[in-house]
Structures are given as C-alpha cells and as structure tokens.
*Asks:* 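Once you've had a glance at the structure underneath, I'll fire off some questions.
Here, residue 1 is the first one in the sequence, and each next residue gets the next number.
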Amino acid sequence: MDMSQTFLPMLPCMCGSFRRTSRALTQLYEEALRPFGLRATQFSILQVLSRAGEVSQGQLGEMLAMDSTSLTRTLAIMRRQGWIAERRGEDRRERRLRLASRGEMKLRRALPVWEKVQSQLRLQIGEQSWNNLLQLTYQVTGLIINKGESL
C-alpha cells in the first residue's frame with residue numbers, strides 16, 4: 001500500500017493538505033539545515049534579505065506572508081546572532097533590515113546543503129510536476145493575499 005494514501009482525509013481539505021505538506025517540507029529542510037544552526041524560516045529570511053537588500057520589517061513580512069508576531073520573534077533571535085542588521089527608518093516606528101556579514105556567511109555556508117535537498121526533491125517529483133506545484137503555490141498565495149477578504 002502506498003503510505004501517502006493512508007493519510008488522505010475522507011473529504012479533500014485544501015488548508016489541511018497544504019499544512020501537512022508544509023510541515024513535511026519544513027522537517028526535511030530543517031533536518032538538513034540543523035548542522036548550520038538554522039531553522040527553515042531563518043534560512044528563508046536570509047535568502048530574502050540577500051536578494052532584496054534593505055527592506056522594512058513590514059515589507060519583509062509581506063514578502064514572506066508571515067504574521068508580525070512570528071516575524072518579530074524570529075528577527076530578534078537573528079539579530080542576537082548577528083545575522084541581520086537593523087536601523088530606524090525615517091519614521092521612528094519603521095525598522096529597516098538588511099543582511100549582516102555574519103548572515104551572509106551563514107547563508108553562503110548553508111546554501112549548498114539547501115540546494116542539494118532542493119535538487120533531490122525536484123528529481124523525485126519530476127520537472128513538470130515541480131514547476132506545476134510551484135506555480136500553484138504562487139497562485140494560491142497571491143489569490144489569498146490580494147483577495148483574501150472577498151473569499
């Protein structure tokens with residue numbers, strides 16, 4: 001019996017299915033990142049800051065579709081580790097974030113392991129399914145973020 005079939009609910013549930021997949025993916029990536037002292041969320045933040053440069057905390061939260069409380073808690077840990085740098089924006093309430101040199105080094109060291117997991121997963125899923133799945137996740141996320149109240 002295919003084990004993936006044994007856990008399927010009686011009625012399809014989009015939220016439950018995405019959360020189950022998210023938990024399984026998170027466990028896979030966190031196991032690979034553990035030797036670097038990184039959590040999957042922290043790695044994602046390092047990646048986003050590496051690409052985006054300096055952004056406000058609000059912008060970072062929007063990019064990651066992450067709630068403010070969880071983001072603030074995670075950023076505090078990363079700041080203490082010296083992975084991110086923070087400065088006040090023009091508005092005293094605004095916090096501007098960027099990758100610190102220790103964060104760049106942490107990302108550079110962990111990236112090959114992350115890429116290996118990514119590559120193995122892509123190979124197992126297949127190129128077409130991989131691309132379709134990514135497109136679907138972008139589509140669902142965009143729909144909810146942009147039209148959440150009308151759903």
*Asks:* Are Leu136 and Ile144 grouped together when hydrophobic residues (ILVMFWY) are joined by side-chain heavy atoms under 4.5 angstrom apart?
*Replies:* yes
*Asks:* Are Tyr138 and Met14 in one and the same hydrophobic cluster, where Ile, Leu, Val, Met, Phe, Trp and Tyr link if side-chain heavy atoms are under 4.5 Å apart?
*Replies:* no
*Asks:* With the side chain counted from C-beta on, respond yes when Leu33 and Val117 share a heavy-atom pair under 4.5 Å apart, and no when they do not.
*Replies:* no
*Asks:* How close do Glu30 and Ala40 get, counting heavy atoms only, and between which atoms?
*Replies:* OE2-N, 3.1 Å
*Asks:* Atom CG of Leu25 and atom OG1 of Thr21: how far apart are they, to the nearest 0.5 Å?
*Replies:* 6.5 Å
*Asks:* Taking CZ in Arg23 as the centre, count heavy atoms belonging to other residues, nucleotides or ligands within less than 6.0 Å. Is the count above 12?
*Replies:* yes
*Asks:* Is there a path of hydrophobic side-chain contacts, each under 4.5 Å between heavy atoms of I/L/V/M/F/W/Y residues, joining Leu134 to Val140?
*Replies:*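 Result: no, two separate clusters.
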*Asks:* Does the salt bridge (charged side-chain N to carboxylate O under 4.0 Å, His left out) test come out yes or no for Glu94 and Arg88, once each step is laid out?
*Replies:* CA-CA 6 Å; Glu94 182 184 50; Arg88 296 266 181 223; over 6 Å; no
*Asks:* Side-chain contact, heavy-atom cut-off 4.5 Å: Arg102 with Leu107?
*Replies:*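 No, too far: nothing below the 4.5 Å cut-off.
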*Asks:* Tell me, with the steps shown, if Glu86 and Arg98 meet salt bridge (charged side-chain N to carboxylate O under 4.0 Å, His left out).
*Replies:* CA-CA 7 Å; Glu86 177 186 309; Arg98 66 177 166 74; over 6 Å; no
*Asks:* Identify the two heavy atoms, one from Pro35 and one from Glu31, that lie closest to each other, and give their separation to 0.1 Å.
*Replies:*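 Taking every non-hydrogen atom into account, CD-O, 3.7 Å.
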*Asks:* Can you check whether Ser129 reaches Leu133 side chain to side chain, under 4.5 Å on heavy atoms?
*Replies:*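 Heavy-atom side-chain distance check fails, nothing below 4.5 Å.
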*Asks:* Atom CZ of residue position Arg79 - does it have more than 12 heavy atoms of other residues, nucleotides or ligands inside 6.0 Å?
*Replies:* yes
*Asks:* Taking atom types as modelled and ignoring hydrogens, do the side chains of Asn131 and Gln135 form a donor-acceptor contact shorter than 3.5 angstrom?
*Replies:*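 Result is no, nothing qualifies.
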*Asks:* Under a 4.5 Å cut-off applied to non-hydrogen side-chain atoms, are Ile45 and Leu97 in contact?
*Replies:* no
*Asks:* For Phe43 and Arg39, what are the C-alpha separation, side-chain angles and deciding distance, and is it a side-chain contact (heavy atoms from CB on, under 4.5 Å)?
*Replies:* CA-CA 6 Å; Phe43 183 84; Arg39 307 283 313 240; over 6 Å; no
*Asks:* Tell me the closest heavy-atom pair linking Ala52 and Val55, and the distance in Å.
*Replies:*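 Answer, listing the atom of Ala52 first, then Val55: CB-CG1, 3.8 Å.
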*Asks:* Is the closest side-chain heavy-atom distance between Met66 and Thr41 below 4.5 Å?
*Replies:* yes
*Asks:* For the OG atom of Ser70 and the CG atom of Leu64, what is their distance to the nearest 0.5 Å?
*Replies:*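 The CG atom of Leu64 is 11.0 Å from OG of Ser70, to the nearest 0.5 Å.
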*Asks:* Please find the pair of heavy atoms, one from Gly37 and one from Trp83, that lie closest to each other, and give the distance.
*Replies:*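 Taking every non-hydrogen atom into account, O-CH2, 3.5 Å.
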*Asks:* Under 3.5 Å, side chain of Thr141 to main-chain N/O of Thr137, donor-acceptor pair present?
*Replies:* yes
*Asks:* Find out whether Thr74 and Gln42 are in side-chain contact, i.e. whether some heavy atom of one side chain is under 4.5 Å from a heavy atom of the other.
*Replies:* yes
*Asks:* Distance check, rounded to the nearest 0.5 Å: Ser44 atom OG versus Met63 atom CE?
*Replies:*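 Reported value, rounded in 0.5 Å steps: 13.5 Å.
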*Asks:* Taking all non-hydrogen atoms of both residues, which atom of Ala100 and which atom of Gly82 are closest, and how far apart?
*Replies:* CB-O, 3.3 Å
*Asks:* Are Arg96 and Gln59 close enough, and set up right, to give a side-chain contact (heavy atoms from CB on, under 4.5 Å), and what steps lead you there?
*Replies:* CA-CA 9 Å; Arg96 306 287 300 172; Gln59 290 170 319; 3.5 Å; yes
*Asks:* Distance from Arg95 atom CZ to Gln57 atom CD, nearest 0.5 Å?
*Replies:* 4.5 Å
*Asks:* Does Trp130 reach the side chain of Leu123, with side-chain heavy atoms less than 4.5 Å apart?
*Replies:* no
*Asks:* In terms of hydrophobic clustering (I, L, V, M, F, W, Y; side-chain heavy atoms under 4.5 Å; direct or indirect links), are Met78 and Met105 co-clustered?
*Replies:*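 No; tracing contacts between hydrophobic side chains, which count when under 4.5 Å, never links both residues.
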*Asks:* Sequence neighbours left out, what pairs pass side chain to side chain donor-acceptor pair (under 3.5 Å) with at least one residue falling in residues 106-121?
*Replies:*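 Only Tyr29-Gln118 qualify under side chain to side chain donor-acceptor pair (under 3.5 Å).
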*Asks:* Rounded to the nearest 0.5 Å, what separates atom CG in Leu71 from atom CD in Glu62?
*Replies:*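 Atom-to-atom, Leu71:CG and Glu62:CD are 11.0 Å apart.
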*Asks:* Determine whether Leu46 and Glu104 make a side-chain contact, defined as any pair of heavy atoms from C-beta on separated by less than 4.5 Å.
*Replies:* no
